Amino acid sequence: MEIVALIIIFGWLIISTIVAIMAGILKKFSLEEWTVASRSLSFVVVYFAFAAEIYSAFTFLGLAGWAFTYGAPIFYALAYFVTAYSTGFLVTLYYNRLARRFGYITQPDMFMHRYESSALGVLVALSGIAFLLPYIQLQILGTGIIVEIASYGALDRVTAILIAYICVTIFLFIGGYRGLAWTNVLQGILMFVAAFAMLSVPIRAFGSIEEMFRRIMTVSPAHLTLPGARGIHGIQWYMSTLALTTLGFWMFPHLVSRAYAAKTERIAMRTCAWMSWYSLLAFPIVLVGFSARLLFPTLSPADAAVMVSAREFFPPALVGLIGAGGLAAAVSTGGGLIQATAVLISRNLIQRGFLRGLSDMATAWTARFLTIVVSIMALYLSLFYPALLVYLLLVAYAGVVQFLPGTVFAILWRRATKHGVFAGIVVGTLVVILTTFVWPDPFQVHSGIWGLAANFPVAILVSLLTKPPSEERLKEFFAAIGK
Amino acid sequence: MPVSRERLAFLVALIAPVVMIFGAPLVMPRVEPFVLGLPFNLFWHLMWLIVGPVLLTIAYIIRTRGE
């Protein structure tokens with residue numbers, strides 16, 4: 001009977017692959033089509049494509065793992081699933097508007113154009129690529145955990161990962177971003193359904209959710225407040241991490257490009273406005289983490305809480321559905337990150353870096369083939385050098401948030417210069433590395449906040465001492481945003 | 001678009017982040033009273049997941065109406 005679960009999971013994977021290929025194959029291949037779906041996506045597609053790409057293996061596995069291990073500190077994630085969309089609401093319309101006007105397809109495109117500096121474009125691209133890599137690895141490892149448990153051990157981790165990512169690479173190659181977006185509509189719906197199916201676990205196990213929390217209060221009250229069960233997540237940690245994720249969310253290069261794919265800027269705004277309702281899917285996952293604390297106190301790894309609970313309480317067919325939901329979460333995000341990385345390399349390191357004059361068509365083909373290279377590289381690193389990327393992950397969020405001054409100044413401060421923004425990113429990133437590895441999170445304040453505290457003044461000071469971009473460039477840029 | 005309308009939408013959009021970040025020291029230590037079967041601090045987060053989009057919808061209407 002266990003084989004039913006496996007059939008459902010891989011059946012779903014095959015359907016997703018076909019949908020992505022069908023969506024992309026009908027369109028004429030071009031750089032703009034393959035990277036940002038010709039800026040033509042409608043509200044429903046953008047909404048679910050964002051949802052599926054944002055909510056990842058971390059949402060499906062990690063949230064429960066955190067609730068299991070630390071308890072209340074994980075509420076910070078529920079909080080930024082609200083606050084990050086407030087910032088998204090405010091910035092994505094500018095992303096979309098500027099990209100439409102000036103033909104941007106990546107985040108570094110904006111930096112390069114606004115500050116008249118290809119060096120700055122290359123720096124932003126390099127830094128973005130370095131910080132996306134560990135997230136790809138997380139999705140790959142998450143895929144392994146989900147399928148291994150959901151298949152009742154019938155399929156080992158490595159085989160599961162290889163099958164899933166071969167499918168992803170094929171559909172990205174053919175379908176490009178349009179294919180990914182359409183398949184993510186399916187993934188987004190399944191993830192939501194699967195997450196809410198998990199709500200029945202604590203209710204069946206304890207009679208009610210209140211009863212579950214009452215029992216946690218007696219067994220481990222530290223799980224219900226800060227600084228959490230391990231005593232390391234104080235209120236400063238919560239506030240600074242929430243502030244950082246709120247500010248940093250829309251600095252991730254793949255999400256910037258997604259805002260470019262919306263047909264109008266209003267679609268991008270509405271998507272952000274209503275995304276927190278989709279974020280409700282995180283809520284049952286957190287509850288399952290708490291219930292696992294009582295039901296399987298010796299669980300290891302903690303990230304397996306959702307899948308182990310499903311296997312304990314559901315019949316194989318439903319375990320298959322939950323597994324497919326988890327796989328959907330991991331693959332939709334992993335695929336998006338792989339595609340975005342390939343585009344950053346071909347567009348900003350090659351076409352606008354060391355091989356100037358490469359045609360758009362050649363760049364698009366390069367990006368296509370790079371999806372294969374990036375997938376293989378990410379798989380190789382994940383399977384053979386998993387520890388390597390752990391260090392990158394520790395600084396990833398804090399690292400991308402260093403694009404914030406350059407992004408905000410682009411829209412608000414004419415006097416900002418390429419030298420200022422460049423110096424700010426370099427100094428900010430160095431401070432992040434120091435406050436992560438040498439003096440970890442001084443005063444329990446997130447390293448990214450320390451990075452910004454250095455980045456902003458450096459960017460301002462150096463800008464004031466150097467020559468601003470040409471008057472013509474500033475004029476066309478600010479005319480485009482209506483100021 | 002008059003600047004004041006854009007500014008108003010901006011302020012409405014900032015309500016959730018400001019209240020959630022700076023309200024945390026007051027809310028996070030509270031487990032009691034339970035609301036809807038949830039510890040108070042968890043209920044607070046669930047409430048914002050629902051209220052947040054309502055605020056942003058208001059900001060959206062303010063910003064785009066009459067354009």
Side-chain angles (χ1 to χ4, degrees), chain A residues 67 72-90 93 202-203 208-214 216-217 221 223-227 234-236 238-243 246-247 265-266 269-270 272-283 286-287 290 482-483, chain B:
Chain A
I74 193 52
F75 298 168
Y76 98 87
L78 299 176
Y80 88 77
F81 291 167
V82 177
T83 58
Y85 300 115
S86 295
T87 35
F89 176 84
L90 296 172
L93 84 145
I203 295 173
S208 77
I209 291 167
E210 173 154 8
E211 177 57 27
M212 176 185 82
F213 279 113
R214 293 283 177 204
I216 289 176
M217 266 175 97
H223 264 82
L224 297 182
T225 51
L226 298 181
I235 190 72
Q236 314 92 299
Y238 176 99
M239 291 172 77
S240 64
T241 307
L242 181 54
T246 305
L247 295 170
E265 57 192 54
R266 288 191 180 194
M269 288 167 84
R270 251 165 54 210
C272 289
W274 294 345
M275 193 54 79
S276 294
W277 284 331
Y278 187 92
S279 315
L280 284 167
L281 96 162
F283 184 70
V286 168
L287 293 185
F290 281 111
K483 281 180 183 164
Chain B
M1 186 203 309
V3 175
S4 59
R5 177 174 292 180
E6 196 179 330
R7 197 157 290 175
L8 185 61
F10 181 79
L11 291 176
V12 172
L14 284 185
I15 293 174
V18 169
V19 174
M20 293 196 82
I21 293 171
F22 296 101
L26 291 173
V27 175
M28 283 306 282
R30 289 182 204 285
V31 176
E32 303 278 4
F34 272 49
V35 185
L36 300 175
L38 303 171
F40 186 78
N41 49 15
L42 181 54
F43 164 75
W44 165 263
H45 288 83
L46 179 67
M47 180 191 81
W48 277 102
L49 283 169
I50 294 160
V51 172
V54 175
L55 289 172
L56 289 181
T57 304
I58 294 169
Y60 178 82
I61 293 168
I62 293 171
R63 167 124 202 178
T64 56
R65 200 189 44 185
E67 233 179 39

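All values derive from a computational prediction rather than experimental measurement. Sequence lines set the chain letters: A, B, ... in the order given, protein chains first and strands last, and positions in each chain run from 1.
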Sequence neighbours excluded, the answer for side chain to side chain contact (heavy atoms under 4.5 Å, CB included) partners of B:Ala24 is A:Ile235, A:Tyr238, A:Met239, B:Met28
Please report the shortest heavy-atom distance between A:Ala243 and B:Ile21, naming the atom on each side.
-> CA-CD1, 3.8 Å
Smallest heavy-atom separation, A:Phe213 atom then B:Leu38 atom, equals CE1-CD2, 3.9 Å
What closest approach, in Å, do B:Leu42 and A:Leu78 show between heavy atoms, and which atom pair accounts for it?
-> CD1-CD1, 3.7 Å
Distance-only, no hydrogens or angles: does the A:Ser86 side chain make a donor-acceptor pair with backbone N or O of B:Leu14 under 3.5 Å?
-> no
Scanning both residues in full, the closest heavy-atom pair of B:Leu49 with A:Ser276 reads O-CB, 3.5 Å
With side chains defined as the heavy atoms from C-beta onward, is the minimum distance between A:Phe89 and B:Thr57 less than 4.5 Å?
-> no
Looking only at B:Ala16, B:Pro25, B:Gly52, the option with the highest number of non-hydrogen pairs under 4.5 Å against chain A is B:Pro25
Quick one: of B:Val54, B:Ile50, B:Leu55, who has the most non-hydrogen atom pairs under 4.5 Å with chain A?
-> B:Ile50
Return the option, out of A:Met269, A:Arg214, A:Met217, A:Glu211, with the maximum number of heavy-atom pairs under 4.5 Å with chain B.
-> A:Arg214
Min side-chain heavy-atom separation B:Val18-A:Thr83 under 4.5 Å | no
Check A:Arg266 against B:Thr64 and note the closest heavy-atom contact, atom names and distance.
-> NH2-O, 3.4 Å
Minimum heavy-atom distance between A:Leu90 and B:Ala13, given as atom pair plus value = CD2-CB, 4.0 Å
